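Heads up: the structure comes next, in C-alpha cells.
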Amino acid sequence: FIKKCIRKSGEIAITNMSISLMDDKKRMLVNTKDITFEREQKELFEKLFYGSSDPILLLKDGKFVEANDAILKHASILFRCSPMQLPVYA
C-alpha cells in the first residue's frame, strides 16, 4: 500500500509498504520503499504530456498506446483522417 510518512527532516515522503507474516506465524516482515522521486517524476511527465499543445504519441511494439489531446486537433494533418478514424487500442 502507498503511505505518506514524515522524514526526520520534516519533509513528507511517499512510501510503498508491504507487510508479510513470517513462516513462524509470530513475526511480521515490513518492507518500505521510498517512491517520492518516482511519484514526482510521474506527475511531471503527466503534466508535460497531457498539458502540451503539441501532439505527442507513445508507441510500444509499433502500436499506439497513449496520445495526448493535441493529437485530436492535429489528426487530419498528421494522419489524413478525422479523430474518429484513429485506431484505438485497449
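Bear in mind the structure is a predicted one, so any value in this text is a computation, not a measurement.
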Let me check something: any side-chain donor-acceptor pairs from residues 39-60 under 3.5 Å, sequence neighbours excluded? List them with distances.
from: Tyr50; atom 1: OH; to: Glu66; atom 2: OE2; distance (Å): 3.0
from: Ser52; atom 1: OG; to: Asp54; atom 2: N; distance (Å): 3.0
from: Ser52; atom 1: OG; to: Asp54; atom 2: O; distance (Å): 3.3

Sequence neighbours left out, what passes salt bridge (Lys or Arg N to Asp or Glu O under 4.0 Å) with Asp34? Give chain and number order.
Arg7
Give a yes or no on this: more than 12 heavy atoms of other residues, nucleotides or ligands lie within 6.0 Å of atom CZ of Phe1.
yes
When you group the ILVMFWY residues by side-chain heavy-atom contacts below 4.5 Å and let the links chain together, are Ile14 and Phe37 in the same group?
no
Counting only heavy atoms not in Asp24, do more than 12 fall under 6.0 Å of its CG?
yes
Interatomic spacing from NE2 in His74 to CG in Asn68 - rounded to 0.5 Å:
9.5 Å
Let me confirm one number: the CG-CD1 distance from Asn16 to Ile2, rounded to the nearest 0.5 Å.
4.0 Å
Are any non-hydrogen side-chain atoms of Thr15 and Lys33 less than 4.5 angstrom apart?
no
So, do Ile19 and Leu29 sit near enough that their side-chain heavy atoms are less than 4.5 Å apart?
no
Using the rule that Ile, Leu, Val, Met, Phe, Trp and Tyr join whenever any side-chain heavy atoms are under 4.5 Å apart, tell me whether Leu21 and Val30 fall into a single cluster.
yes
